[in-house]
Structure formats: structure tokens, C-alpha cells
Amino acid sequence: MKKFYSLVAAVILAATFHAQSFTATYDFTEAPAPDNGDLVGSNLSISAFTATGLNSTTTGNRFAWSGAPLAATPDTGKYFEVTLTPAANYMITVNSVTFRSQRSGTGPRYYVVRSSADTFAANLPASINNANTELEILPVNQFHFKNDISTGQDGNNVTPINIVDIAAPVKLRFYFYEAEAITGTFSVDDVV
């Protein structure tokens, strides 16, 4: 019996040593040039942030684009995306994603984050950490700008409960919609 407990203790200890944490940060100080992110940790690679179906703006120090849908639902052909790829024989778990959001006076009022873990089907659980009176969460996990404010807003947080022990690349997509004009902009900054 003593050998069995020793074996269990050794396995738990070995598993503990193989667990690693990482932080990927996108501060967009390079904007409007691409931001390849800063990674603290190993056995993971991260892609640059990209935009699909949108129009680039010349805004500096944040990832800003126009051309968001005027409709009250996301256009699945218009989004920001970043990919996290674990090294061979490693798996990834993402506990949280935090970021700063900003819209122009005619920019999108709603935004959501989805992942490739469920083929971008559901909005990731959203919350506002550190109270922010300009933002709220509406059903189902939609961030919403309450007022016509055009300054950056902190406190955006998603908890990707479906990204647990995945050995394949994981993509995160940021969809934003219900713009007040097609020329209105939306941006993210300080994505961690």
C-alpha cells in the first residue's frame, strides 16, 4: 500500500511540474502596424491580431477598424482574430481574456467574443470587472456601450469555459455590431 501512495504522490508531483502558465499581451503600441503580441511563458505561440471583412483606420495605439454591421446581430464575416497554438505534446487552457474597448461616436454599441473550441457558435461568458458605468452585459453575454461615449473603456472580461486542455490551435474572435454609421469605428487595446 505504501508503494501505491508513493506512486500517486510521484504522479501528482510530476503533473505539477509540467503545468505552465502563460500571458499573451497585445498593447498595440505598433498600431496601425500589426502587433505580434508579447508572450510570457513557453510551449505556446501566438499570432498577430488580424481583422477580416473590415476597413483599417489610422488610429494609433489601439486596434481600430470601421465597416462594422449596422444590424443588431454579428456578421460572421467581420471580426478581429488572434490564434494561440500550443507546442507539440502540450495543451492549452485559457482562464480569462481582458481588454479595453472603444467606439467612435457612431461606432458599434455591441460586441462579443467567441472561440474556435465550439466553431464560434456561442458568445463566451462576459463580465465587467471593476465597475464601469458606461458598459453593461446583456443577454446572452453581449457587451454593450450604454451611452454615446467615445473614450476607451476598461473592465471587459471573458471567461472561456470551453477552452480547457486543448491540444490544437485555438482562435478567439471579437465581433462588434449595431454601428450607428458604416464609417463608425471600434477598437480594442491592452488585450491580455
Donor-acceptor list for residues 68-81 side chains, cut-off 3.5 Å, not counting sequence neighbours:
{"unit_1": "D75", "atom_1": "OD1", "unit_2": "G77", "atom_2": "N", "d": "2.8"}
{"unit_1": "K78", "atom_1": "NZ", "unit_2": "G67", "atom_2": "O", "d": "2.7"}
{"unit_1": "Y79", "atom_1": "OH", "unit_2": "R173", "atom_2": "NH2", "d": "3.2"}
{"unit_1": "E81", "atom_1": "OE2", "unit_2": "R173", "atom_2": "NE", "d": "2.6"}
{"unit_1": "E81", "atom_1": "OE2", "unit_2": "R173", "atom_2": "NH2", "d": "3.1"}

Name each donor-acceptor pair under 3.5 Å that joins a side chain in residues 30-37 to protein atoms two or more places apart or in another chain, with its distance.
{"unit_1": "D35", "atom_1": "OD1", "unit_2": "G37", "atom_2": "N", "d": "2.7"}
{"unit_1": "D35", "atom_1": "OD2", "unit_2": "D27", "atom_2": "N", "d": "3.2"}
{"unit_1": "D35", "atom_1": "OD2", "unit_2": "F28", "atom_2": "N", "d": "2.6"}

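Residue-environment remark: CG (N89) stays at or below the threshold of 12 foreign heavy atoms within 6.0 Å. Atom CD1 of I161 has 12 or fewer heavy atoms from other residues, nucleotides or ligands within 6.0 Å.
N129 is linked by a side chain to side chain contact (heavy atoms under 4.5 Å, CB included) to S127, N157, counting only residues two or more places apart in sequence or in another chain. Taking F99 as the reference, F143, F174 meet the ring-ring contact (aromatic ring centres under 6.0 Å, His included) condition, with sequence neighbours excluded. When the side-chain hydrogen bond (donor to acceptor under 3.5 Å, both in side chains) test is applied to T119, no partner is found at least two apart in sequence or on another chain. Every residue was checked against the ring-ring contact (aromatic ring centres under 6.0 Å, His included) condition with F120, not counting sequence neighbours, and none meets it. For the side chain to side chain contact (heavy atoms under 4.5 Å, CB included) test, residues two or more places apart in sequence or in another chain that qualify with T25 are T23, V192. Partners of S101 according to the side-chain hydrogen bond (donor to acceptor under 3.5 Å, both in side chains) rule, which considers only residues two or more places apart in sequence or in another chain, are Y111, N156. For D165, the side-chain hydrogen bond (donor to acceptor under 3.5 Å, both in side chains) partners are T93, not counting sequence neighbours. Residues meeting the side-chain hydrogen bond (donor to acceptor under 3.5 Å, both in side chains) test with D148, sequence neighbours left out: R109.
Screening residues 88-101 for salt bridge (charged side-chain N to carboxylate O under 4.0 Å, His left out) gives R100-D154 as the qualifying pairs, with residues at least two apart or on separate chains. Applying the salt bridge (charged side-chain N to carboxylate O under 4.0 Å, His left out) test to every pair with at least one member in residues 131-146, sequence neighbours left out, gives no pairs at all.
T185 has its side chain out of reach of W65: every pair of non-hydrogen atoms, C-beta onward, lies at least 4.5 Å apart. Counting only heavy atoms from C-beta outward, the side chains of V158 and V112 never approach each other to under 4.5 Å. Taking the side chain as every heavy atom from C-beta outward, F49 and V188 approach each other to under 4.5 Å. Between E180 and R103 the shortest side-chain heavy-atom distance falls below 4.5 Å. The side-chain heavy atoms of N123 and R114, taken from C-beta on, include a pair separated by under 4.5 Å. Using a 4.5 Å cut-off on side-chain heavy atoms (C-beta onward), L124 and L172 make contact. Between V191 and V82, the closest side-chain pair of non-hydrogen atoms is not below 4.5 Å. The closest side-chain heavy-atom distance from V113 to V97 is not below 4.5 Å.
Listed for the N43 side chain is no donor-acceptor partner under 3.5 Å among the backbone atoms of A87. In this structure, the side chain of T83 does not engage the main chain of S47 through any donor-acceptor pair within 3.5 Å.
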Please determine whether side-chain contact (heavy atoms from CB on, under 4.5 Å) holds for the pair T151 and Q153, giving the CA-CA distance in whole Å, both sets of side-chain angles, and the decisive distance to 0.1 Å.
CA-CA 6 Å; T151 56; Q153 300 300 308; 3.1 Å; yes
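Of all the heavy atoms in A168 and P86, the pair that sits closest is O-CD, 3.5 Å. Residues N162 and I166 approach most closely at O-CD1, 3.7 Å, considering heavy atoms. The minimum heavy-atom distance linking S104 with G184 is given by the pair OG-CA, 3.4 Å.
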